[in-house]
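What follows is one structure encoded as structure tokens, with my remarks underneath.
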Amino acid sequence: MQKPICTLLTLFLLAAPAMGQRTVEYLNDGWKFHWGQADPQHLNTEGWRTVDVPHDFQIEQPWVAPSADERENNSDGASNFKSRLSARAFKEMGEGWYVKTITPDAGWQGRRVLIDFEGIMYVGDVYLNGERVGGTDYGYVGFEIDLSRKLRYGQPNTIAVRASTGSPTDSRWYTGGGLFRNVHLVTTDAQLYFARHPLYVTTTDNREVHVQVEVANLTKYNSVNLQLELIDNTGRTVYAKRQDMPYMRRYKTNELRWEPVVVSDAHLWNIDDPYRYTARVTLYNHEGRAVDCVSTRFGIRNFEIGPDFGLKLNGRKLLLKGIANHHTLGALGAAAYPRAMEKRLKLLKDFGFNHVRTSHNPYSESFLNLCDSLGFVVVDELYDKWLQQYTGGRTPWMQQWPYQLPEWIKRDRNHPCVALWSLGNELQTYANLPFDDGGVTPYRMLKAVLQRYDDTRKVTVAMHPRGRNLQTDSLPCDLALQTDVQAYNYRYMYFPGDGRKFPWMTFYQSEANLSMMGPNFFGMDLDKVIGLAYWGMIDYLGESMGWPRKGWTDGVFDISLQPKPMAWLLRSMFKPEEPVCHIGIVDSKARQTEWNGIVFSNDGMSDHWNRIPGQQLTVKVFTNAHRVELVENGHKIAEQANTADPQKRNQLQFDQVTYQPGWLEAVAYDEKGKRVASHRIETAGEMKRLKAEPDAEVWHADGQDLQHVRITALDSRGRRAVSAQQRLTFSVTGDARIVAVDNGNNASDELHAVAERSLCNGSALVILRAGKKAGKVVLTIRDDKGKSQKLVLNTVK
């Protein structure tokens with residue numbers, strides 16, 4: 001039997017592929033880029049710079065400060081958010097152009113040649129040799145264009161891409177702009193091939209695997225020959241069979257279902273052991289030659305959702321402890337680097353998170369791959385509002401969704417991490433929704449199409465406010481009576497009452513806020529709810545609450561991924577089996593800001609012990625222990641027991657603590673009086689040196705991998721010098737380059753896509769992108785006094 005070959009080329013070599021085999025080639029490298037307008041029919045790229053994908057051109061643009069008329073100051077000195085660009089991170093809107101020349105081999109003639117974009121942010125148009133050949137009106141979902149009949153084989157061809165951020169009102173947050181995800185060139189046989197996203201793998205009874213494959217057959221034959229292989233995580237083939245299957249040629253494609261396959265002693269996927277199998281299907285022509293091959297990873301697992309238990313995974317209750325954030329990656333903007341996503345997910349995992357809601361659009365497929373492999377449960381969301389304004393801005397939403405929804409579902413349906421589909425967010429009160437019934441009819445339409453492509457998961461919409469029925473305010477809105485799961489943003493207090501009226505309802509707090517952290521977790525019936533997703537737990541660009549803040553600052557991790565004190569409150573809630581104890585000092589009392597109908601009032605806190613002698617401080621200790629003693633310079637100054645009150649549980653407050661230089665320690669004890677955890681903070685001196693710490697033990701020379709280097713100012717005793725604010729400059733030798741810098745201060749006027757950054761609270765971050773030549777990379781760090789030090793790194797193939 002001829003062995004099937006699935007080809008994935010990571011180098012862009014436009015040579016003729018082996019006879020009949022599919023090729024997938026990255027087109028990520030070497031694009032010519034220009035910020036501004038261009039004429040696709042008369043392109044002159046002289047003076048344009050070279051960039052590699054993924055790329056976000058908007059993160060490179062300068063900040064646009066509000067005008068004088070827009071600067072109405074709040075009591076804390078920050079201007080309000082009336083600026084037209086406050087939601088979009090005070091970056092100017094505009095367009096960027098990408099141009100690449102390819103020379104397809106003459107041997108490609110007669111084959112099917114596609115260009116595949118995983119996304120163009122925010123809307124985009126694609127040109128081949130000056131002719132528009134396709135594009136997108138919603139950059140969060142991918143698309144492909146068949147170039148077979150338009151390419152000039154054996155000759156140079158120019159691919160040009162226009163990417164536009166749209167107008168300031170086309171999104172409620174920072175979107176970024178450009179070729180922010182991968183671009184591929186795909187070739188297949190022209191007569192016999194697999195369709196786009198062709199595999200659909202489901203499992204039942206935690207042992208049966210069902211495989212469906214979509215095939216195009218333009219030959220004269222009424223059957224196709226397929227081989228299915230199931231391969232475990234060690235590379236062992238657990239099932240293999242080749243057979244002919246009937247094909248109805250009057251349809252463009254056929255969805256062919258394989259007989260159920262029983263995997264004995266299946267290794268199940270779960271959040272602690274995210275085990276996956278591979279399904280590989282090979283297509284043979286009638287001469288017995290393999291002409292196409294596709295594969296997908298999948299997990300054998302079972303999600304159940306119901307009102308009595310919330311959610312079960314493989315028959316066991318699982319409480320979702322989650323985050324709802326936008327897809328962007330801090331200083332990197334929207335550029336979809338898998339390494340940056342991995343760093344975030346591992347940080348979240350360490351603090352007890354097990355769940356992500358993809359607010360409010362599909363993330364990249366590489367993100368879902370990471371959730372599969374790291375054991376996160378995902379609520380996969382398609383839209384914000386069902387309106388043209390929030391889906392690109394240039395085409396009516398009713399014309400978009402019939403393409404975008406199937407593309408999204410077919411791309412994501414094999415991921416074991418996905419437990420629930422969400423069709424939208426906070427939309428039911430908009431008067432201009434289609435059909436004028438609060439979203440009921442659009443939901444029914446979308447759900448019907450969704451279930452055409454996947455009927456194994458339940459479907460919801462994230463609702464805010466929970467709203468009222470059109471006839472009586474004693475009932476939830478009409479849309480909540482239609483969704484499979486009742487997903488309320490911030491309105492967890494309605495779960496008990498709605499549940500009594502409608503016992504079939506299952507509740508999920510699709511957004512929860514930091515202001516009510518604790519009550520919105522402990523105040524739910526955790527045995528019955530699905531769980532919750534905390535909004536904006538990682539600070540991000542956009543949705544600013546006032547200049548000079550460039551974005552959201554109410555997370556428990558700053559934009560450079562440094563934990564704030566409140567992160568340990570989350571950890572104490574999410575990891576009850578781990579003793580947690582952490583000090584937070586209130587630097588500024590809570591300011592009240594209303595945002596989307598929710599009042600945010602969060603104390604500003606830090607966890608250092610550099611204060612003014614004699615200053616009276618409010619000290620908070622976040623702990624899941626029984627009681628805490630507060631000790632200053634060896635003297636016990638206070639003691640407090642934990643409480644079951646949801647308003648105060650795990651967050652003990654000590655008022656009127658007098659600061660004296662030295663140290664402050666919180667010591668936590670269990671019910672038996674045993675010391676189980678502690679946290680000490682010490683007064684630090686002036687900066688004497690810098691410490692540079694890379695985060696990746698293995699750094700791959702693949703042109704994509706990142707190295708996050710944390711720079712910390714230290715005093716003479718190795719303590720973080722929090723007062724250090726020196727400006728640092730960075731330079732690199734070797735095959736790598738600086739792609740972003742940060743210091744966690746979302747109010748800074750410094751840019752991210754440069755090679756210099758000031759220390760903030762004694763810390764800064766520089767992110768390096770590897771080239772493709774393995775070897776030594778040297779990062780040089782210089783402070784504003786001329787002192788420098790070097791960090792030697794290595795990339796490997």
Side-chain angles (χ1 to χ4, degrees), residues 8 10 26 28 53-54 56 118-119 140-142 176 180-182 184 197 201 233 268-278 295-301 303 313 318 320-359 361-381 408 411-422 533 537-538 540 557 561 574 695-700 702-708 739-740 767 769-770:
L8 175 63
T10 56
Y26 282 112
N28 283 357
V53 174
D56 175 6
E118 292 186 14
Y140 296 107
V141 296
F180 75 125
R181 295 180 184 165
N182 294 325
H184 304 96
H197 308 310
V201 182
N233 211 28
L268 303 186
W269 184 95
N270 63 63
I271 62 171
D272 299 315
D273 183 16
Y275 191 93
R276 289 179 294 166
Y277 293 81
T278 298
S295 65
T296 188
R297 304 287 295 276
F298 70 96
I300 299 176
R301 56 95 181 102
F303 283 116
L313 173 58
L318 176 65
L320 297 189
K321 306 169 185 177
I323 183 174
N325 252 66
H326 297 303
H327 68 105
T328 51
L329 299 169
L332 295 164
Y337 290 97
R339 177 70 185 90
M341 301 173 201
E342 180 186 35
K343 182 177 179 67
R344 288 174 169 236
L345 287 170
K346 287 184 174 180
L347 173 66
L348 293 171
K349 193 86 169 182
D350 182 51
F351 275 79
F353 289 82
N354 61 21
H355 161 53
V356 176
R357 172 180 165 226
T358 66
S359 312
N361 45 261
Y363 285 16
S364 67
E365 188 166 18
S366 55
F367 180 85
L368 293 181
N369 289 335
L370 286 163
C371 289
D372 288 341
S373 65
L374 294 174
F376 278 83
V377 176
V378 172
V379 172
D380 202 352
E381 192 159 272
W408 167 60
R411 189 201 71 168
D412 292 356
R413 61 189 176 181
N414 295 330
H415 289 279
C417 65
V418 177
L420 181 68
W421 303 116
S422 174
M537 289 297 93
I538 301 175
Y540 56 85
F557 304 99
L561 303 184
F574 283 0
D695 73 328
E697 293 182 7
V698 179
W699 189 18
H700 298 281
D702 58 6
Q704 301 282 320
D705 202 6
L706 302 179
Q707 185 73 263
H708 297 73
V739 289
I767 306 175
R769 178 173 178 169

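These numbers come from a predicted model, not from an experiment.
- Between Arg339 and Asp695 the shortest side-chain heavy-atom distance falls below 4.5 Å.
- Without hydrogens or angle criteria, Asn414 side chain to Val201 main chain gives a donor-acceptor distance under 3.5 Å.
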Would Leu706 and Lys343 satisfy side-chain contact (heavy atoms from CB on, under 4.5 Å), going step by step from the backbone distance to the final call? CA-CA 10 Å; Leu706 302 179; Lys343 182 177 179 67; over 6 Å; no
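- Taken to the nearest 0.5 Å, the CG atom of Asn270 stands 11.5 Å off from the CG atom of Asn354.
- Counting all heavy atoms, side chain and backbone alike, His355 lies closest to Arg357 at CE1-N, 3.8 Å.
- Gln704 has its side chain within reach of Asn28: a pair of non-hydrogen atoms, C-beta onward, lies under 4.5 Å apart.
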Could you please spell out the steps behind the ring-ring contact (aromatic ring centres under 6.0 Å, His included) verdict for Phe367 and His327? CA-CA 9 Å; Phe367 180 85; His327 68 105; over 10 Å; no
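- Arg301 places no side-chain N or O within 3.5 Å of a backbone atom of Pro274 that could act as its donor or acceptor partner.
- Applying the side-chain hydrogen bond (donor to acceptor under 3.5 Å, both in side chains) criterion to His415, with sequence neighbours excluded, gives Glu365, Asp372.
- Note that the CD1 atom of Ile271 and the NZ atom of Lys349 stand 5.5 Å from one another [nearest 0.5 Å].
- Residues His708 and Ala340 approach most closely at CE1-CA, 4.1 Å, considering heavy atoms.
- Between Leu329 and Ala335 the shortest heavy-atom distance is CD1-O, 3.3 Å.
- Proximity of Arg344 to Leu561: side-chain heavy atoms (C-beta onward) are separated by under 4.5 Å at one or more points.
- Residues satisfying the side-chain hydrogen bond (donor to acceptor under 3.5 Å, both in side chains) test with Asp412, not counting sequence neighbours, are Trp408.
- Here the closest non-hydrogen pair linking Asp380 and Val418 is CB-CG1, 4.0 Å.
- Counting heavy atoms from C-beta on, the side chains of Tyr363 and Met341 never come closer than 4.5 Å.
- Counting heavy atoms from C-beta outward, Ile767 and Tyr337 have side chains that stay 4.5 Å or more apart.
- The closest side-chain heavy-atom distance from Trp269 to Phe298 is not below 4.5 Å.
- How far CG of Asn233 is from CZ of Arg276: 7.0 Å, rounded to the nearest 0.5 Å.
- When ring centroids are compared, His184 and Tyr26 come within the 6.0 Å threshold.
- Inter-residue side-chain proximity for Arg297 and Asn369 is flagged as unmet; no heavy-atom pair is nearer than 4.5 Å.
- Taking both residues in full, the closest heavy atoms of Thr358 and Glu381 are given as OG1-N, 2.8 Å, listed atom of the first, atom of the second, then distance.
- How far CG of Asn325 is from CE of Met537: 8.0 Å, rounded to the nearest 0.5 Å.
- Shown here for Leu345 and Cys371, the closest heavy-atom pair between the two residues is CD1-SG, 4.1 Å.
- Formation of a donor-acceptor pair under 3.5 Å by the Gln707 side chain with backbone atoms of Ala770 is not found in this model.
- With contacts defined as side-chain heavy-atom distances shorter than 4.5 Å, the pair Pro54/Arg769 qualifies.
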Applying ring-ring contact (aromatic ring centres under 6.0 Å, His included), run through Phe574 and Phe351 and close with a yes or a no. CA-CA 7 Å; Phe574 283 0; Phe351 275 79; 10.0 Å; no
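- Taking CG of Leu370 as the start and CD of Glu342 as the end, the distance is 6.0 Å to the nearest 0.5 Å.
- Summarising the geometry, atom CZ belonging to Phe557 is positioned 6.5 Å from atom CD1 belonging to Ile538; distances are rounded to the nearest 0.5 Å.
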Is there a side-chain contact (heavy atoms from CB on, under 4.5 Å) between Phe303 and Leu420 once you walk through the steps? CA-CA 9 Å; Phe303 283 116; Leu420 181 68; over 6 Å; no
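- Legend: residues meeting salt bridge (Lys or Arg N to Asp or Glu O under 4.0 Å) with Asp350, ordered by chain and number and at least two apart, are Arg571.
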